[in-house]
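What follows is a single structure, written as structure tokens, with notes after it.
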Amino acid sequence: MGENQPAQRREAAARPVEAGVTTGSLARRLGVSPTTLRSWDRRYGVGPAVRSDGRHRRWTPQDVAMLEEMCRLTSAGVPPAQAARTAQEGVGRNRPGPELPGGGDRPGGHRSQAAGALPLGDVRQECRGLARAAVRLDAPTVGDQLASLVARYGVVLAWDEVMVPTLHAVGRKWESSGDRYVEVEHLLSWHISRALHRATEPVAPEGTRAAAGPVVLACVPGEQHSLALEALHAGLVELGLPTRMFGAAVPTEALTAAVRRLGPKAVLLWAQTRSTADLPLARHVADTRWGVKGARGHPAVLLGGPGWAGRPVRGMLRPPGLRDALGTLSALYDPPVPVTRS
């Protein structure tokens with residue numbers, strides 16, 4: 001037994017191809033399916049530079065670097081054929097791959113499935129790039145794409161047409177995959193929150209509107225889901241409207257104290273679930289008064305989130321989305337700030 005070990009080691013060293021990464025392992029690392037890797041190989045020639053016996057593919061570090069670059073490029077919206085050529089050139093490979101009939105990528109033609117088959121449906125191309133990066137747990141790319149989206153399109157469009165659809169797709173994948181992709185949802189949510197926080201640097205002074213009182217944003221007690229409220233906060237800042245964000249699970253006493261101290265123009269209460277939607281609290285906030293006798297004020301109260309669905313309250317508005325909430329709140333100020341449509 002012992003005498004054969006050196007010979008076995010020499011034999012193993014003589015098989016460098018076998019030391020590569022398997023297709024399944026590489027697919028998990030990149031966040032794509034093995035079928036996608038085989039499709040890319042057939043279409044664009046980005047398969048292993050060296051193959052073993054024709055049945056088992058082994059991917060060398062150079063192959064892996066090439067595919068990581070291709071994933072990064074497709075996440076940024078580069079067509080797959082162009083991304084493949086660039087990635088091959090980056091690692092010194094010029095082996096041309098098969099082309100689509102008619103040559104290259106065509107509008108409405110092949111669409112990469114690198115997003116781990118997330119159920120995205122008919123969405124903007126930016127959703128697909130963001131989903132691919134999130135499934136790969138590629139935090140730098142996720143962060144860069146979100147920052148670029150907000151800078152290019154503004155908070156409302158970035159939230160409504162890219163962030164929310166991608167979050168919903170990850171959530172649906174999680175629900176249908178036996179708790180897989182939980183880490184993807186957490187990473188994506190954290191980076192969306194970070195991008196929204198970065199967008200809250202005032203782009204316009206509050207000016208005379210501040211004297212009319214700010215908009216208070218708060219999750220009801222027990223409600224920990226605050227991401228949509230963060231989007232509303234960023235949107236209000238973008239419009240130059242005064243706002244005070246209190247975040248998740250604000251205790252009743254603290255909320256009441258804040259309302260009395262700030263004299264807000266409006267209070268929006270967020271409830272993600274019916275179990276946290278507290279109608280007595282909403283009425284209590286609406287009845288809260290401040291100021292001297294004869295000139296006492298009280299806030300307009302808006303109910304945000306699916307937790308309030310089917311529970312109408314007289315005198316309280318329930319805007320269905322971010323753009324509607326911004327329009328309603330803006331109209332409370334003089335002059336109102338238009339919510340532009342990108």
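Sequence positions, counted from 1, serve as the residue numbers for this chain.
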Distance-only donor-acceptor hits, side chain of residues 254-266, under 3.5 Å, sequence neighbours excluded:
{"residue": "T256", "atom": "OG1", "partner": "T252", "partner atom": "O", "Å": "2.9"}
{"residue": "T256", "atom": "OG1", "partner": "H284", "partner atom": "NE2", "Å": "2.9"}

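- Counted by atom type alone, T141 and D144 present zero donor-acceptor pairs between their side chains at under 3.5 Å.
- Between T60 and V21, the closest side-chain pair of non-hydrogen atoms is not below 4.5 Å.
- Atom CG of L229 and atom SG of C219 lie 5.0 Å apart (nearest 0.5 Å).
- When the side chain to side chain contact (heavy atoms under 4.5 Å, CB included) test is applied to H197, the partners found at least two apart in sequence or on another chain are S193, E230.
- For the atom pair CZ (R283) and OG1 (T288), the distance works out to 13.5 Å, reported to the nearest 0.5 Å.
- Judged by distance alone, the side chains of Q88 and Y44 never bring a donor and an acceptor atom under 3.5 Å apart.
- Of the inter-residue distances, the one linking T328 atom OG1 with R323 atom CZ reads 12.5 Å to the nearest 0.5 angstrom.
- The shortest heavy-atom contact between G235 and L326 is C-CD2, 3.7 Å.
- Taking every heavy atom of both residues into account, V237 and T200 meet most closely at CG1-O, 3.3 Å.
- Distance check: M245 CE to L268 CG gives 10.0 Å after rounding to the nearest 0.5 Å.
- With values rounded to the nearest 0.5 angstrom, T22 atom OG1 is found 10.5 Å from W59 atom CH2.
- Shown here are the side chain to side chain contact (heavy atoms under 4.5 Å, CB included) partners of A282, two or more places apart in sequence or in another chain: L269, L303, W308, M316.
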Margin query: Test side chain to side chain contact (heavy atoms under 4.5 Å, CB included) on L196 and W159; report intermediate values, then the result.
Written below: CA-CA 9 Å; L196 293 171; W159 173 259; 4.2 Å; yes

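- With respect to the salt-bridge test (charged N to carboxylate O, under 4.0 angstrom), the residues E68 and R29 qualify.
- How far CG of L332 is from CG of L302: 7.0 Å, rounded to the nearest 0.5 Å.
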